[in-house]
Amino acid sequence: MKHNLYMMPFLAVLITLIVVLPNAVQASEAPLNYFLHSYGPAARPTMYLGWVLAGLSVVICIIISLLLLTALIRKRSRSDPYSIDREGGGLLWIYIGTGISTIILFGLVIYASMILNQVAKPPQTPALTVTVTGYDWWWKVEYEHDDPAQHIITANELHIPVGLPVLIKLKSADVIHAFWVPKLAGKTQMIPGLVNQQWIQADVSGVYTGQCVQFCGAGHAHMGFEVIAKSPQEFEDWQDAQRKTAMPGFETSEDPGYKVFMDQCAGCHAIRGTEAAGTHGPDLTHLNSRRKIAAGLLTNTPGHLKKWIMNAQELKPGSRMPNFALSDHEIAALMLFLSNLD
Ligand code: HEC
Ligand SMILES: [Cu+2]
């Protein structure tokens, strides 16, 4: 019976090899895979650290399992198989074992500290600073500028120029959240009352998935975002488009959809260039420029948008946006109005 207990580590390794490894390899294709690939200098050192730690753990597990197995198979001649024989050098094995572990662990402490130092600061001055604030359960994204007219506010999407370090200031409006784009950098907590910082840099253009990784309540699993890396020129164009106010020349006073919006939505949502100035929910000035709505939950299509407005509570239980029971007439007018928010 006792021998069976000693088989546990060996079993653990077997299970790792048979079950976990194939899954891990498969998961490497998932959007949130982390230490298997990296796409920027802030993520690369931690990726190597991940590989080294995982590799070393597997090697040590295998060595210990083999030692245990030999010990189990070897025939015992003594009467009490569990006593340590001082004369027979039994203690020496314990000294050697502890010694080796200590040396390896010390080495890892030094290596991990070097990695921390490497990713603490970007290699050059950040090209821009973005402030991201975590809300239950979405992200406000702000590009600050000395001139308030150049200030950009958007949600759940971070646009960055490729190949340049970007400093991110992390805040929280309510509880603790954590910001993580696995392919671009390690994770950083967003703590109410504090401003934490991290930097990211993407080597190639593309879309990188991010996720809140600090349990923050009912909507935590649906608190995603995307980092969209593009060429510096495309990034400038995007900024110019975001700086514009909504619907230049649009006559709001007679629009029935605008009336519905002002009655039902403007307490929480802002649209720059109109009287809607709510701050509880995402800024909707350029709603249709976003790929997704509700923090990565739905692709941004008119069908999804309509569903979201009428059934936010079913789609994202607990969401801070209520369901709206609008008449066919009202929702049609509202949808038409929202379709102008490019
Ligand atoms: C009580 C505040 C509140 C009201 C009123 C409200 N919303 Fe929201 N809305 C929110 C919050 C909070 C979110 C973010 C929800 C999330 O992703 O978890 C949101 C998200 C959204 C989004 C998705 C935005 C994005 O970029 O992800 C849209 C679109 C939206 N609301 C439209 C409306 C419309 C249209 C109305 C009026 C019919 C409305 N909202 C009324 C609070 C509100
Ligand atoms: Cu969370």
Side-chain angles (χ1 to χ4, degrees), residues 31-35 38-50 53 109 111-146 151-162 164-203 207-229 235 279-283 295-296 320:
L32 283 175
N33 90 68
Y34 56 114
F35 70 93
S38 83
Y39 291 82
R44 204 158 294 120
T46 26
M47 175 191 71
Y48 290 137
L49 180 69
L53 290 180
V109 167
Y111 178 45
S113 314
M114 282 161 58
I115 298 283
L116 276 182
N117 186 43
Q118 244 177 329
V119 296
K121 283 200 196 83
Q124 65 192 87
T125 330
L128 80 147
T129 305
V130 187
T131 303
V132 179
T133 311
Y135 285 74
D136 281 344
W137 290 278
W138 60 281
W139 315 78
K140 178 159 100 183
V141 179
E142 287 171 280
Y143 294 72
E144 270 148 51
H145 202 283
D146 298 336
H151 196 98
I152 296 170
I153 301 184
T154 181
N156 308 322
E157 248 181 33
L158 238 97
H159 291 247
I160 61 169
V162 83
L164 294 169
V166 175
L167 186 71
I168 301 180
K169 290 190 181 167
L170 297 164
K171 300 181 185 172
S172 169
D174 35 49
V175 297
I176 301 179
H177 301 279
F179 179 93
W180 193 35
V181 194
K183 286 176 176 169
L184 297 182
K187 53 190 159 197
T188 306
Q189 283 197 323
M190 309 162 99
I191 298 168
L194 284 183
V195 183
N196 280 343
Q197 289 195 351
Q198 84 165 74
W199 64 281
I200 56 172
Q201 178 175 333
D203 289 336
V207 179
Y208 302 90
T209 313
Q211 171 65 33
C212 176
V213 276
Q214 176 70 56
F215 180 70
C216 55
H220 168 65
H222 295 306
M223 188 171 164
F225 63 100
E226 284 180 337
V227 173
I228 297 157
F235 174 71
T279 53
H280 295 301
D283 184 298
R320 299 292 186 250

Report, as yes or no, whether the 6.0 Å neighbourhood of atom NE2 on H280 holds more than 12 heavy atoms from other residues, nucleotides or ligands.
->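 12 or below, so no.
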To the nearest 0.5 Å, how far apart are NZ in K140 and OG1 in T279?
->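 The distance works out to 6.5 Å.
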At what distance, to the nearest 0.5 angstrom, does CD1 of I160 lie from CH2 of W199?
-> 11.0 Å
Restricting to non-hydrogen atoms, name the atom on [X] and the atom on [Y] that form the minimum distance, rounded to 0.1 Å.
X	Y	answer
A185	A43	N-CB, 3.7 Å
D136	D174	N-OD2, 2.8 Å
M47	S38	SD-N, 3.6 Å
M223	G134	CE-CA, 4.2 Å
I115	P45	CD1-O, 3.5 Å
A42	V119	O-CG1, 3.5 Å

Under a 3.5 Å distance rule, please check whether [X] uses its side chain to pair with a backbone N or O of [Y] as donor and acceptor.
X	Y	value
W139	E157	no
Y143	H159	yes
W138	G224	no
W137	C216	yes
H220	Q214	yes

What residue among M190, K169, K171, H177 forms side chain to side chain contact (heavy atoms under 4.5 Å, CB included) with T133?
-> K171
Of I200, T209, V166, the residue whose pairing with L184 passes side chain to side chain contact (heavy atoms under 4.5 Å, CB included) |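 Between L184 and the candidates, side chain to side chain contact (heavy atoms under 4.5 Å, CB included) is satisfied uniquely by I200.
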Is it the case that T131 and E144 place a side-chain donor and acceptor less than 3.5 Å from each other?
-> yes
Please name the residue in the list W180, Y39, F225 that meets the ring-ring contact (aromatic ring centres under 6.0 Å, His included) test with Y208.
->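 For Y208, the ring-ring contact (aromatic ring centres under 6.0 Å, His included) test succeeds with only one of W180, Y39, F225, which is Y39.
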Side chain to side chain, [X] and [Y], heavy atoms closer than 4.5 Å:
X	Y	value
I168	L158	yes
L164	Q124	yes
F179	Q198	yes

What salt bridge (charged side-chain N to carboxylate O under 4.0 Å, His left out) pairs are there with at least one residue in residues 114-126, not counting sequence neighbours?
->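 Every candidate salt bridge (charged side-chain N to carboxylate O under 4.0 Å, His left out) pair involving residues 114-126 fails, so no pair, neighbours aside, qualifies.
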Residues in salt bridge (Lys or Arg N to Asp or Glu O under 4.0 Å) with E142, at least two apart?
->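 Expected list: none.
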Can you name the salt bridge (Lys or Arg N to Asp or Glu O under 4.0 Å) partners of D203, sequence neighbours left out?
-> R44
